Amino acid sequence: MYTIVLNGQSRTCAPGRTLRDLLAETGYAQRRVAVEINREIVPNSQHAQREIRDGDRIEIVHALGGG
C-alpha cells in the first residue's frame, strides 16, 4: 500500500490506482474539480492516466455553485 496525503490528511492507496480512481472513491468523480499533485496542476484530460505514487501530496478543490 502507498501512503499519500489527500487534502492535508494521510491515507493509504493501492498501487496502480489512477487519479480518476481516487476521485471516484472520494465522491468527486461527478464534480467540477481542480487537482494539484505535489504542487502541480493535473489537467482533467490526464486524470485517467496519472497514477498515484507513494508519498504524493494531493489537493482537490471543487467548485460550489451559488450567487
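Everything quoted here is computed from the prediction, not taken from an experiment. Only this structure's heavy atoms are used, side chains among them; waters, hydrogens and symmetry mates stay out.
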Remaining members of the apolar cluster that contains Ile41, side-chain heavy atoms under 4.5 Å: none
Give the other cluster members for Leu6, using side-chain heavy-atom distances under 4.5 Å between Ile, Leu, Val, Met, Phe, Trp and Tyr residues; answer none if it is isolated. Ile4, Leu19, Leu22, Leu23, Tyr28, Val33, Val35, Ile37, Val42, Ile52, Ile58, Ile60
Please find the pair of heavy atoms, one from Ala24 and one from Ala29, that lie closest to each other, and give the distance. CA-CB, 3.7 Å
Among residues two or more places apart or on two chains, list those pairs meeting salt bridge (Lys or Arg N to Asp or Glu O under 4.0 Å) that have a residue in residues 31-53. Arg50-Asp56
Quick one: does Asp54's side chain have a donor or acceptor within less than 3.5 Å of a partner on Tyr2's backbone? no
With a sphere of 6.0 Å drawn around CD of Gln49, does it hold more than 12 non-hydrogen atoms of other residues, nucleotides or ligands? yes
Of all the heavy-atom pairs spanning Ala48 and Thr18, show the shortest one and how long it is. O-CG2, 3.3 Å
Looking at every heavy atom in both Asp21 and Gly16, which two are closest together, and how far apart are they? OD2-O, 4.3 Å
Inter-residue atom distance His62.NE2 - Gln30.CD, 0.5 Å rounding: 14.0 Å
Can you confirm whether Arg20 sits close enough to Glu25 that some side-chain heavy atom of one is under 4.5 Å from a side-chain heavy atom of the other? no
